[in-house]
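Worksheet: one structure, shown below.
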Amino acid sequence: MDNIQELREIVNPVFNTAKSCIQLDAAAGDEDSAQLLEALGFGTIADQKESKGVPPELAEKVRRLFPVYTVLTESRFQVVNRLIRSFPDRTVVDLPCGYTARGIKMSRQGRVYYGFDLPAVIDDVSPAAAKIHGGDENIHYDAVDATNYDSMAAPLKEEKKELLITTEGLLMYFTQHELEEVFSNIRHILQQHGGSWIIVDRAYYTHDHEIASAVLDNDPGMIALYNAVTKKAAGTVADVKFNDNIIFKGTDEEIKTFIEKMGFEIKEIGLGDHLPDHFGVLPPTGPDDARVRDVYREMCFWELTVKENSEQKTAQDMPFRVESEFKDGKFTASIQGRVDTITAPQLLEQYQKADGVKAIELNIEKMSYISSAGLRVLLIMYKSLDDKNQFNLVGTTDSVKEIMEVTGFDQFLL
């Protein structure tokens, strides 16, 4: 792995959570996913089933959990695929695309498809998918940060059709401030292109325990194990706080008020109408399948469309730039523009070139925004110092200070 890829993984490790999805889709019997899994070189589904590192007395129980994760992942992948088919004239924007085979399926249907994700994901999935779809010019993969409007708008600049933006498993990673940025960015993109935004995140968050219970036949011991394993896996894979925004912490009424305030109208679409004919790991006519389908029939997508006369986004960020110097053990840098998933690796790269840093001074007067990825880089720099008092931020603006206070980073950095 080259240095820039390593830096990308450090500043935003959440991309690792997407690796298991392609394995689970392949295990459910999706042939495109199986081909893509092989092209990616991520190993086989048998590697997961072996339960490596699990004590022998628990191994069988962990293997019994495997169908739960497979059903959750397969259903989300397949129901969105089916929903996309009901919008045949739209250009699909998959945010995030992860390592799924959706782009391959869109190529087979003759659709225009944009897979948006973190740079670390795009660098892997784009060439791997091209091996299978043969370099279809209608299939695009682009590195974006969902909090960065320019990064998402640029690939779509020449797109003429209305958009169908799909979001599954993304919103859980954002702080409230970041979530508002994402909503604002997507609203502005839809104002430019037309179309709508499909969200399934809340539905799965609300009902995943019921789905697990249905697959496990309401076995209390297995359900407790599922909860424990899921919690431990989440903490291990990504060093972030999950579900820490209104989409997951608010009531239905509070969430709808927030969405309307962000300039959207909401329409609910029954998820049960788009289920696959059968789940790959469940007997198609057995009681497990019936119980799971009953849960899904209570779940809904949200389709968001922009309200008429909704406020247009006009603010423009300055181009990102870092000018640094290392002298007599002190690393100084002046930072301009946004520090996010796209740009944070550049700051970290310049810092890592300095050897034996004893003090850090960062001028952030011209920093317009910092995401959790950027904050992670600042925290890496802060923790590297023996004397934490030698870390100093100069020119902190009110907007950046507010982000640090909301996320709790002010306790370390200010």
Side-chain angles (χ1 to χ4, degrees), residues 4 7-8 10-12 118-119 143-154 174-185 188 240-241 245 311-414:
I4 191 63
L7 294 174
R8 288 169 175 170
I10 290 171
V11 302
N12 208 328
L118 303 174
V144 308
D145 183 317
T147 67
N148 184 327
Y149 170 76
D150 291 335
S151 74
M152 291 199 295
F174 295 125
T175 65
Q176 181 62 29
H177 192 280
E178 290 173 327
L179 183 74
E180 292 171 9
E181 286 282 314
V182 173
F183 268 77
S184 178
N185 292 342
H188 188 46
V240 297
K241 190 173 183 180
N245 61 57
E311 180 184 356
Q312 292 271 345
K313 175 176 175 173
T314 57
Q316 296 292 319
D317 293 310
M318 292 182 289
F320 175 78
R321 182 177 297 116
V322 177
E323 297 178 355
S324 64
E325 180 184 36
F326 180 56
K327 185 177 180 180
D328 298 330
K330 184 176 183 179
F331 177 84
T332 60
S334 178
I335 306 170
Q336 173 186 289
R338 299 176 57 90
V339 184
D340 53 31
T341 298
I342 305 297
T343 58
Q346 298 177 46
L347 172 60
L348 183 58
E349 182 179 32
Q350 291 197 27
Y351 176 68
Q352 289 188 339
K353 290 178 180 178
D355 186 27
V357 176
K358 303 297 183 183
I360 298 172
E361 182 175 288
L362 305 178
N363 186 320
I364 59 173
E365 183 179 4
K366 295 183 179 180
M367 180 190 292
S368 57
Y369 179 83
I370 186 166
S371 73
S372 55
L375 289 170
R376 188 173 290 109
V377 170
L378 296 191
L379 190 60
I380 289 171
M381 298 167 72
Y382 171 82
K383 288 183 174 181
S384 71
L385 296 175
D386 292 332
D387 182 357
K388 303 300 187 286
N389 292 322
Q390 296 302 310
F391 183 91
N392 189 27
L393 296 178
V394 177
T396 308
T397 63
D398 289 342
S399 60
V400 171
K401 182 179 180 182
E402 180 184 358
I403 294 172
M404 291 186 179
E405 288 176 344
V406 168
T407 57
F409 275 80
D410 60 312
Q411 301 176 39
F412 306 99
L413 305 178
L414 296 181

What is the minimum heavy-atom distance between [X] and [Y], and which atoms define it?
{"X": "Phe331", "Y": "Ala354", "value": "CD1-CB, 4.1 Å"}
{"X": "Asn245", "Y": "Phe174", "value": "ND2-O, 2.9 Å"}
{"X": "Ala344", "Y": "Ala373", "value": "CB-O, 4.1 Å"}
{"X": "Ile342", "Y": "Pro119", "value": "CD1-CG, 3.9 Å"}
{"X": "Asp410", "Y": "Glu405", "value": "OD1-CA, 3.5 Å"}
{"X": "Phe320", "Y": "Val339", "value": "CE1-CG2, 3.9 Å"}

How long is the span from the [atom1] atom in [X] to the [atom2] atom in [Y], to the nearest 0.5 Å?
{"X": "Thr147", "Y": "Glu180", "atom1": "OG1", "atom2": "CD", "result": "12.5 Å"}
{"X": "Met367", "Y": "Leu378", "atom1": "CE", "atom2": "CG", "result": "5.5 Å"}
{"X": "Ile360", "Y": "Asp387", "atom1": "CD1", "atom2": "CG", "result": "11.0 Å"}
{"X": "Lys353", "Y": "Leu348", "atom1": "NZ", "atom2": "CG", "result": "11.5 Å"}
{"X": "Leu347", "Y": "Met381", "atom1": "CG", "atom2": "CE", "result": "5.0 Å"}
{"X": "Met318", "Y": "Arg338", "atom1": "CE", "atom2": "CZ", "result": "12.0 Å"}

Step-by-step side-chain hydrogen bond (donor to acceptor under 3.5 Å, both in side chains) determination, Thr341 to Asp145: CA-CA 6 Å; Thr341 298; Asp145 183 317; 3.1 Å; yes

May I have the step-by-step check of side chain to side chain contact (heavy atoms under 4.5 Å, CB included) for Val357 and Tyr351, ending in yes or no? CA-CA 9 Å; Val357 176; Tyr351 176 68; 3.9 Å; yes

So with a 6.0 Å cut-off around CG of Asp386, is the heavy-atom count from everything else above 12? no

Does Lys366 have more than 12 heavy atoms from other residues, nucleotides or ligands lying within 6.0 Å of its NZ? no

Report, one line per pair, each donor and acceptor closer than 3.5 Å where one atom sits in a side chain of residues 392-403; sequence neighbours left out.
unit_1: Thr397; atom_1: OG1; unit_2: Ser399; atom_2: OG; d: 3.3
unit_1: Thr397; atom_1: OG1; unit_2: Val400; atom_2: N; d: 3.4

Using only atom types and a distance under 3.5 Å, with no angle test, would you say the side chain of Glu181 pairs donor to acceptor with the backbone of Asn148? no

Donor-acceptor contact below 3.5 Å, side chain Glu178 vs main chain Ser372: yes

Please evaluate residues Gln390 and Lys358 with respect to the criterion side chain to side chain contact (heavy atoms under 4.5 Å, CB included), reporting the C-alpha separation (whole Å), side-chain torsions for both, the decisive distance (0.1 Å), and the verdict. CA-CA 7 Å; Gln390 296 302 310; Lys358 303 297 183 183; over 6 Å; no

When the ring planes of Tyr149 and His188 are compared, do they come out parallel, tilted or perpendicular, using 30° and 60° as the limits? tilted

Indicate whether the side chain of Gln346 and that of Gln350 have a donor and an acceptor atom separated by less than 3.5 Å. no

